[in-house]
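Below: the structure, in structure tokens.
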There are 2 protein chains.
Amino acid sequence: MATIKDVAKLAGVAVSTASYALNQSSKVAPQTARKVIDAARVLNYQKNGIARDLKRNKTDTILLILHNLAGPFYSELVRGVQDTLQSLNYGLIACSSMGGRDSTASRFLAERRADGAIILASNLGDQEIERAARKDFPIVVLDRLILNHDSIMSVVVDNKSGGYEAAKHLIDRGHRDIAYLSGPLDSRDNLQRRKGFEQAMQEAAIPIRPKWLLKGEFTRQGGYLATKMLILQGDLPSAIFAGNDEMAIGAMNALKDAGIKVPRQISVIGFDDIEMSRYTTPQLTTVSQANYEVGSLSAHLIYRSIKEEIAKKDYIMPTELIIRDSSRELMKEVRGQREQV
Amino acid sequence: MATIKDVAKLAGVAVSTASYALNQSSKVAPQTARKVIDAARVLNYQKNGIARDLKRNKTDTILLILHNLAGPFYSELVRGVQDTLQSLNYGLIACSSMGGRDSTASRFLAERRADGAIILASNLGDQEIERAARKDFPIVVLDRLILNHDSIMSVVVDNKSGGYEAAKHLIDRGHRDIAYLSGPLDSRDNLQRRKGFEQAMQEAAIPIRPKWLLKGEFTRQGGYLATKMLILQGDLPSAIFAGNDEMAIGAMNALKDAGIKVPRQISVIGFDDIEMSRYTTPQLTTVSQANYEVGSLSAHLIYRSIKEEIAKKDYIMPTELIIRDSSRELMKEVRGQREQV
DNA sequence: CTGTTAGCGCATTCAA
DNA sequence: TTGAATGCGCTAACAG
């Protein structure tokens, strides 16, 4: 590997001159620059980015930490981050936090191989994140609230209000027997969504039946199994509110397998508005989050933190109910029937 | 930021001793090590990974280059890479090649910020890849064939045979009027798939009608628009072979919008077996690639190249036809009707 | 405009 | 077993 020294030597100039020339500094005469550039080409010189980072003490790169690089994740969110950082002239690298303390994410976080990080990985401990964040290494967390830390900003979706809207949508259409398909209990998202659900039920004075509170781990399979159980129980609700779309899809699969028609016999509603939710049969009613905006905002926050133009602040983003075909008005006769039970 | 110097000072030892202690070397007395570890904890010391990389001249990290981090990409492939590298104790970072020479991918490639790269990004030039690859920076390319370079290995899917199988499947079921929905003309994948299609047509002595050769850029929208055009043309084929699933989905949407039933009135077949292909209505017949294996193999190849246990070699992976519901036997009466045309 | 020089933080060699 | 010294490749302050 040719180094800048070799280039300087071949061009017959000092290393610093070569460096200036290679970095398009105006301090160097055009002809000298020419010589340097030529020498670099001849030697097929490529700057060593690592040495550069070490010296400059910055990388112009932001780290995006996902639980699993192989998805499913919010592609709109990533797109928001990607577009924004590109326009700010920052690089973006993504890595996974799978594997605990040995994960690439943990390594990069601890060893500070970027200028900041955006984290969407619930398996990373708050503590680890808090230890990594500093003034010169701001972090935006997307899936949790970490307050009281000067260099950590939280951007969260208003899950509670989203959950409320979703539940209200069902209630307004005559549903009273509603099951909630829960995600992991340690997930903030899940908790908030459920709180919104509970609030709507309470306002409508509908008691929540424990046997219609199921667990599905936010996965398609989890939703499938939980719904299977629900079906086996015999006493089906008239609607299922799934804590996320993946589980809702699993639930619809289970219902389909059991010959139960959605939405004719049972309504299903999800949360997230993942792309697939437009391609299920029937199309899934769900709650949408402004994911692109979340991503873009996160990138801006990191950027402005680095440039120290910003005081720490946290954000709560609104949600929007997307009504599609998997939910519908409870039929009158069924309503009557059910009330007899 | 505390550096190793601070740790050494606090522990009352030399920097080298601190370094050894921190790296679990056996050259240091247990009690000395203890002191160092404690000092590190007190100072909340975190090693500077960049300095370490510079000194060691390696990063223990592999770079995965995707055209667009925000997908859609082959998640099974990424999973294969991810799992394998993790088991080999290598880190994985992913970045996008969007933005041409300013992209993070180009920077990382040129500045060699990793120990090797796996590339699945057709917008990167062969030349750029060739310039980056060296003995100590092996590259695996997945979407193209680059031979004659000692440090570049190609792992490609047998697209031609896949295209042949898909076309044959249609032909065997009585279809003769088949449109081919093409991806970007500079895409090797697309070209090979089409070649397979042409071969099958030729063997069956079916002429290829230029007006049924459409372009869709491998995107859903591209497939949608191309199919819209096809419909407007008036003379519909009895089957559409889309160069990838995204376009096939776009095509099915266009057909649905026009009230044309799949597969009753027209068969559709895709390529890739993306996850969504199981969730379309009807489910999409397509060609599957062993993506997990491709990813895993690529990771192994990089690893073994780094460890210099390997001679350069290229791989062609087989495909498999996945028959679902979007394709079916051409009805006899239609067959007759068509033959009159 | 150009050259000399001092580190960036760390791992590692060589002496002690 | 420990410590002093060196250099990875680069940038940037400073001096000329």
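Note on naming: letters A, B, ... go to the chains in the order of the sequence lines (proteins, then strands), and numbering restarts at 1 for each one. No experiment lies behind these values; they were computed from the predicted model shown.
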Pairs: protein N or O with nucleotides 4-6 of chain C N or O, under 3.5 Å:
unit_1, atom_1, unit_2, atom_2, d
C:dT4, O4, A:S16, OG, 3.1

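For the contact set between residues 107-115 of chain B and DNA chain C, defined by any heavy atom under 4.0 Å, there are no members. Looking at residues 41-51 of chain A, you'll see A:Y45, A:K47, A:N48, A:A51 sit with a heavy atom under 4.0 Å from some atom of DNA chain D.
Note that the two end axes of the helix from C:dC1-D:dG16 to C:dA16-D:dT1 enclose an angle of 40°, each drawn from 5 base pairs, rounded to 10 degrees.
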Can I get a per-line list of side-chain donor-acceptor pairs under 3.5 Å for residues 8-22 of chain A, giving both atom names and the distance, sequence neighbours left out?
none

Tabulate below the donor-acceptor pairs under 3.5 Å that side-chain atoms of residues 33-45 of chain B make, not counting sequence neighbours, or state none.
unit_1, atom_1, unit_2, atom_2, d
B:R34, NH2, B:D38, OD1, 3.1
B:N44, OD1, A:R131, NH1, 3.1

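The salt bridge (Lys or Arg N to Asp or Glu O under 4.0 Å) search around A:D314 returns A:K312, not counting sequence neighbours. In this view, B:V155 and B:V140, B:L142, B:V294, B:L297, B:S298, B:L301, B:Y315, B:M317 satisfy the side chain to side chain contact (heavy atoms under 4.5 Å, CB included) rule, not counting sequence neighbours. By the salt bridge (Lys or Arg N to Asp or Glu O under 4.0 Å) test, B:D60 is found to be paired with B:R56, residues two or more places apart in sequence or in another chain being considered. When the salt bridge (Lys or Arg N to Asp or Glu O under 4.0 Å) test is applied to A:R79, the partners found at least two apart in sequence or on another chain are A:E76. For the salt bridge (Lys or Arg N to Asp or Glu O under 4.0 Å) test, no residue two or more places apart in sequence or in another chain qualifies with B:D83.
Contact annotation: A:T32 side-chain N/O to C:dT2 OP1/OP2 distance is under 4.0 Å. Taking only side-chain nitrogens and oxygens, A:R56 never comes nearer than 4.0 Å to OP1 or OP2 of D:dT11.
For residues 293-303 of chain B, there are no salt bridge (charged side-chain N to carboxylate O under 4.0 Å, His left out) pairs, not counting sequence neighbours.
No engagement by A:D53 is indicated, since no non-hydrogen atom pair under 4.0 Å with the nucleic acid exists.
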